[in-house]
A.B. asks: 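The structure's right below; bear with me while I get my questions together.
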Protein chains: 2
Amino acid sequence: MKPKAAIEPVATEAAHLVDRLERLARAGEQSGGLNPAQWDALRYLARANRFSRTPAALAEYLATTRGTVSRTLASLEEKGLIARLASDRDGRSVDFDTTKAGRALLAEDPLAQIAADIAQATQNDARLFADLLQRVLRAALARNQGRAFGICRTCRHFRRDAANGAQGPHHCGLLDVPLSDADSARICAEQSPAAA
Amino acid sequence: MKPKAAIEPVATEAAHLVDRLERLARAGEQSGGLNPAQWDALRYLARANRFSRTPAALAEYLATTRGTVSRTLASLEEKGLIARLASDRDGRSVDFDTTKAGRALLAEDPLAQIAADIAQATQNDARLFADLLQRVLRAALARNQGRAFGICRTCRHFRRDAANGAQGPHHCGLLDVPLSDADSARICAEQSPAAA
DNA sequence: CTTCATAGTTGCTACTCGAAATTAATTGTT
DNA sequence: AACAATTAATTTCGAGTAGCAACTATGAAG
């Protein structure tokens with residue numbers, strides 16, 4: 001009879017909870033002189049591998065526009081928390097990286113408080129909780145045609161120990177470049193989960 | 001040896017997931033001419049009972065300031081989605097309520113898409129997922145000295161069928177007022193979970 | 001009746017966001 | 001090689017929001 005399946009009330013309740021939880025988290029993020037968007041950008045740059053530290057990748061990760069990201073990055077750069085570096089792969093492109101000051105500030109990341117709340121509240125179910133969130137995020141991303149930004153070494157293009165250069169022991173089959181241990185443990189804009 | 005317990009990596013991962021999921025949700029919330037804060041306010045007013053539809057309560061629910069909320073509400077009022085009513089209990093106070101247009105707009109609440117994603121991704125674990133979120137939110141609220149804003153009838157002050165007036169079958173022991181079925185199914189700023 | 005607390009609004013500044021225009025470099029085509 | 005089309009990133013602009021603090025008005029307490 002109904003044109004589409006009714007959404008279960010418990011799912012709506014969960015959506016409200018996520019919404020309010022995140023609002024709480026954002027309220028705690030005015031510290032350190034940064035606002036929530038700036039924290040998100042700083043965190044991203046610290047977690048992304050060397051192919052993914054561009055304004056365009058960050059904009060996609062944050063589901064926002066390049067214009068907004070450009071201003072956020074300019075603000076962080078002004079504060080000396082990130083540094084700009086012309087790309088050697090692409091003359092149009094710019095890479096950003098956290099500075100020592102940026103990494104020092106991340107040690108006081110307010111998101112750690114939420115992480116502590118999660119650890120305390122979920123106890124032995126923390127893994128389960130993260131897995132459920134992972135699945136929900138994947139569903140939301142699929143609906144928005146968004147990319148996963150998963151860990152490099154879980155990618156279908158990752159070739160472990162396929163070294164053909166001195167720059168790293170591993171290899172990316174998509175970009176055809178060597179990968180260090182560090183980069184392969186970071187998130188990547190091109191990441192596409194291994195089939196199974 | 002360590003001054004404080006290290007936060008489990010999986011908890012940090014979960015915090016990142018919540019953060020990104022909410023960003024996705026907010027990106028979808030520019031629809032209907034409302035922004036995320038306005039959606040949050042409109043949703044709240046539709047879910048709050050008659051003691052909780054004030055700017056101060058909303059500010060506390062959203063973990064923001066009364067000044068910010070004042071503007072958000074003014075904006076919604078201008079759009080004809082909520083209506084203002086002087087309080088009879090307190091001359092300083094104002095009550096807001098959703099209008100017919102506001103309730104109509106809520107039928108297109110973009111949060112329903114996230115709810116659908118949750119329903120699809122968690123399947124039979126939706127209840128478990130909501131419970132875990134509930135526990136995390138409680139932990140975060142406790143740290144911030146925030147109030148729960150739970151459902152009225154789960155409150156320790158709720159007295160079922162303790163009618164002493166024609167305004168409703170139930171009773172609030174804290175405010176000493178009658179409660180309708182509708183109000184007792186809504187969230188309340190004064191709600192304090194029953195002991196056990 | 002004075003003092004203090006509470007409810008809400010408003011001024012200010014910095015920032016967000018999105019749209020459109022701009023600059024620059026890469027890629028494809030002839 | 002020259003040219004157009006595409007892509008990357010930035011800039012500018014306008015509407016609006018966040019957070020802080022000052023301000024008005026009402027209520028409560030001594």
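By convention in this document, chain letters (A, B, ...) are assigned in the order of the sequence lines, proteins followed by strands, and residues within each chain are numbered from 1.
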A.B. asks: Verify the contact: side-chain N or O of A:Asn35 to OP1 or OP2 of C:dC15, cut-off strictly under 4.0 Å; return yes or no.
C.D. replies: no
A.B. asks: Want to settle it: does A:Ser75 or B:Ala27 sit nearer the 5' end of DNA chain C, counting the closest nucleotide to each?
C.D. replies: A:Ser75
A.B. asks: Less than 3.5 Å between a donor and an acceptor, one on the side chain of B:Arg92 and one on the base of D:dG27, is that the case here?
C.D. replies: no
A.B. asks: With a 4.0 Å cut-off on heavy atoms, is B:Thr68 in touch with a base, just the backbone sugar-phosphate, or nothing at all?
C.D. replies: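 Counting heavy atoms under 4.0 Å across all strands, the contact made by B:Thr68 includes a base.
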A.B. asks: Contact class for A:Gly67 (heavy atom, under 4.0 Å): base, sugar-phosphate, or nothing?
C.D. replies: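 The answer is base, as A:Gly67 lies within the cut-off (heavy atoms under 4.0 Å) of a base atom.
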A.B. asks: Tell me the interatomic distance from A:Asp95, atom CG, to C:dA25, atom P, rounded to whole angstroms.
C.D. replies: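 Rounded to the whole Å, the gap is 16 Å.
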A.B. asks: Could you state the atom-to-atom distance from CD of A:Glu77 to P of D:dT10 in whole Å?
C.D. replies: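 So the two atoms are 9 Å apart, to the nearest Å.
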A.B. asks: Take B:Arg159 and B:Cys172 through the side-chain contact (heavy atoms from CB on, under 4.5 Å) test and state the conclusion after the steps.
C.D. replies: CA-CA 6 Å; B:Arg159 305 277 178 269; B:Cys172 174; over 6 Å; no
A.B. asks: Is the phosphate of D:dG16, meaning OP1 or OP2, less than 4.0 Å from a side-chain N or O of B:Gln38?
C.D. replies: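 Answer no for this pair, as no side-chain N or O of B:Gln38 is under 4.0 Å from OP1 or OP2.
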A.B. asks: When you match A:Arg23 and A:Phe96 each to their closest nucleotide on DNA chain D, which lands nearer the 5' end?
C.D. replies: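 Here A:Phe96 is the residue nearer the 5' end.
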A.B. asks: Between C:dT16 atom C1' and A:Leu73 atom CG, what is the distance in whole Å?
C.D. replies: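 Going from A:Leu73 (CG) to C:dT16 (C1'), I get 14 Å.
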A.B. asks: Is any side-chain N or O of B:Arg71 under 3.5 Å from a base N or O of C:dG8, one able to act as donor and the other as acceptor?
C.D. replies: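 There is none.
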A.B. asks: Over how many whole Å does the gap from A:Arg26 atom CZ to D:dT17 atom P extend?
C.D. replies: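 After rounding, the gap between these two atoms is 16 Å.
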A.B. asks: Counting only side-chain heavy atoms from C-beta out, which of D:dT10, D:dA18, D:dC20 sits nearest to B:Ala37?
C.D. replies: D:dA18
A.B. asks: For B:Asp90 and D:dG27, give me the distance from atom CG to atom P, rounded to whole Å.
C.D. replies: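 Answer to the nearest Å: 6 Å.
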A.B. asks: Would you please confirm or rule out a distance under 4.0 Å between OP1 or OP2 of C:dA7 and any side-chain N or O of B:Ser87?
C.D. replies: no
A.B. asks: Supply the atom-to-atom distance B:Thr12 OG1 to A:Ile118 CD1, rounded to the nearest 0.5 angstrom.
C.D. replies: 8.0 Å
A.B. asks: How close or far is atom P of D:dT17 from atom CG of B:Leu62, stated in whole angstroms?
C.D. replies: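 Distance, rounded to whole Å: 14 Å.
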A.B. asks: In whole Å, I'd like the distance from the CD atom of A:Gln30 to the C1' atom of C:dT13.
C.D. replies: 17 Å
A.B. asks: May I ask you to say what B:Thr72 touches in the nucleic acid, namely base, sugar-phosphate or nothing, with a heavy-atom cut-off under 4.0 Å?
C.D. replies: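 Here B:Thr72 touches the backbone only, sparing every base.
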A.B. asks: CD of B:Glu78: more than 12 outside heavy atoms within 6.0 angstrom?
C.D. replies: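 12 or below, so no.
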A.B. asks: Check the distance between D:dA9's C1' and A:Arg53's CZ and give it to me in whole angstrom.
C.D. replies: 18 Å
A.B. asks: When you check the phosphate oxygens OP1 and OP2 of D:dG19, does a side-chain N or O of B:Thr64 lie under 4.0 Å from one of them?
C.D. replies: yes
A.B. asks: For B:Ser184 and B:Phe158, work out which heavy atoms get closest and say how close.
C.D. replies: CB-CE1, 3.6 Å
A.B. asks: Find out whether A:Phe149 and A:Gln191 are in side-chain contact, i.e. whether some heavy atom of one side chain is under 4.5 Å from a heavy atom of the other.
C.D. replies: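 Of all side-chain heavy-atom pairs linking A:Gln191 with A:Phe149, none is under 4.5 Å.
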